[in-house]
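The structure appears below as structure tokens.
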Amino acid sequence: MLHFFHGAKRKHSKKLIAFRCPRWKDLPDFDLYMDQVVLWITQKLEPLYFNQEKILTNSMVNNYVKNSIVDPPVKKHYTSKHLAYLIVVCILKRCYTLSEIAGLIDIQAKIPGSNYKAAYDKFSTYFEIYLHEVMRKGNLDSIHSKYHSKEEELLCNVVSSIVLKIYTEYYLLDQ
């Protein structure tokens, strides 16, 4: 049985090191229905989840809309913007409550000249870099960031907490 866990752990390690967080240009450029959104995001984020957790369900999406974290769909259609927000929420919910996530999104939205497409790509890039680093080395010691703003420092701290949580869950797989 222990051999199975080592195999599962090795499989997860490879998936996490190879994980590519979708960038804005990778998001579908056409509208999707709820079931398509749930399936697409679940497939993209599956490597980040180990314990048979539900990544995203219809009721979760409805809850995020109800709590004003994600805009309501337009005529039951979800756009690239919806997908970006849902990806961020699905990643952030690993460590943060919905009210904390809403607060973090609000901070980003209030940055002068803020652009949600660029903000999403920045989040995705940092997340991917930090995840690969922690999976290769077990820590983030070699990442030395020079922050351009308090908001960027916050983003890096948020991403660090998430990838360290993912690494901890990965590490505990065969314990």
Side-chain angles (χ1 to χ4, degrees), residues 16 19-24 26-28 31-32 34-74 76-135 140 143 145 147-170:
L16 290 168
F19 180 77
R20 174 134 165 61
C21 195
R23 302 306 194 272
W24 186 266
D26 302 325
L27 300 176
D31 295 350
L32 301 174
M34 169 90 75
D35 289 340
Q36 295 169 310
V37 168
V38 169
L39 179 63
W40 193 86
I41 290 176
T42 298
Q43 288 173 341
K44 296 296 180 189
L45 299 184
E46 179 272 329
L48 304 178
Y49 288 79
F50 316 122
N51 300 318
Q52 308 303 319
E53 303 157 77
K54 291 284 186 187
I55 297 168
L56 188 64
T57 65
N58 294 11
S59 60
M60 287 177 190
V61 174
N62 289 331
N63 191 35
Y64 304 151
V65 169
K66 185 177 102 184
N67 285 290
S68 301
I69 295 170
V70 176
D71 290 338
V74 179
K76 298 187 180 186
H77 288 94
Y78 293 84
T79 64
S80 296
K81 184 177 180 182
H82 290 105
L83 288 172
Y85 272 75
L86 288 167
I87 288 169
V88 170
V89 170
C90 286
I91 292 172
L92 292 179
K93 73 180 182 178
R94 302 294 300 270
C95 290
Y96 297 98
T97 66
L98 288 185
S99 65
E100 291 168 333
I101 292 169
L104 291 167
I105 290 172
D106 191 47
I107 289 168
Q108 175 60 45
K110 288 181 179 174
I111 298 171
S114 181
N115 169 331
Y116 64 87
K117 293 177 186 179
Y120 172 74
D121 278 345
K122 182 182 266 191
F123 173 85
S124 297
T125 300
Y126 277 117
F127 180 76
E128 191 175 297
I129 290 168
Y130 282 43
L131 179 65
H132 294 170
E133 183 71 11
V134 80
M135 290 310 300
L140 296 171
I143 292 185
S145 296
Y147 309 113
H148 297 92
S149 66
K150 281 296 204 190
E151 293 83 8
E152 185 177 22
E153 182 177 22
L154 177 62
L155 172 63
C156 291
N157 289 334
V158 166
V159 169
S160 295
S161 65
I162 295 162
V163 299
L164 291 169
K165 169 105 165 83
I166 290 169
Y167 179 77
T168 301
E169 290 174 0
Y170 157 79

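For the single chain, residues carry numbers from 1 onward in sequence order.
Partners of Lys110 by salt bridge (charged side-chain N to carboxylate O under 4.0 Å, His left out), not counting sequence neighbours, listed by chain and number: Asp106. Residues satisfying the salt bridge (charged side-chain N to carboxylate O under 4.0 Å, His left out) criterion with Lys66, sequence neighbours excluded, are absent altogether. With sequence neighbours left out, Lys54 forms a salt bridge (charged side-chain N to carboxylate O under 4.0 Å, His left out) with no residue at all. With sequence neighbours excluded, no residue satisfies salt bridge (charged side-chain N to carboxylate O under 4.0 Å, His left out) with Glu100.
Side-chain contact check for Leu32 versus Leu83: some heavy-atom pair is nearer than 4.5 Å. Using a 4.5 Å heavy-atom threshold, the side chains of Leu155 and Glu151 count as separate.
Between Leu16 atom CG and Phe50 atom CZ the span is 4.5 Å, to the nearest 0.5 Å. With values rounded to the nearest 0.5 angstrom, Leu164 atom CG is found 14.5 Å from Tyr170 atom OH. The line from CG of Leu92 to CD1 of Ile69 is 9.5 Å long, rounded to the nearest 0.5 Å. In this structure, the separation between CG on Asn115 and OH on Tyr120 is 14.0 Å, given to the nearest 0.5 Å. One distance of note links CG of Leu48 with CD1 of Ile55; it measures 7.5 Å at 0.5 Å rounding.
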(request) Please assess Tyr85 against Ile105 for the test side-chain contact (heavy atoms from CB on, under 4.5 Å), listing each intermediate value before the final yes or no. (result) CA-CA 9 Å; Tyr85 272 75; Ile105 290 172; 3.6 Å; yes
N/O donor-acceptor pairs under 3.5 Å from side chains in residues 37-46, not counting sequence neighbours:
unit_1, atom_1, unit_2, atom_2, d
Thr42, OG1, Val38, O, 2.7
Glu46, OE1, Lys15, NZ, 3.4
Glu46, OE2, Lys15, NZ, 3.2

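Sorted by first and then second residue, the side-chain hydrogen bond (donor to acceptor under 3.5 Å, both in side chains) pairs involving residues 122-134 (not counting sequence neighbours) are Arg23-Thr125, Arg23-Glu128, Tyr126-Glu152, Tyr130-Ser145, Glu133-Lys137, Glu133-Ser142.
A side-chain donor-acceptor contact under 3.5 Å links Asn63 and Asn67.
His82 places a side-chain N or O within 3.5 Å of a backbone atom of Asp71 that can act as its donor or acceptor partner.
Ring orientation note: the planes of Tyr116 and Trp24 are nearly perpendicular, at an angle over 60° on the 30°/60° scale.
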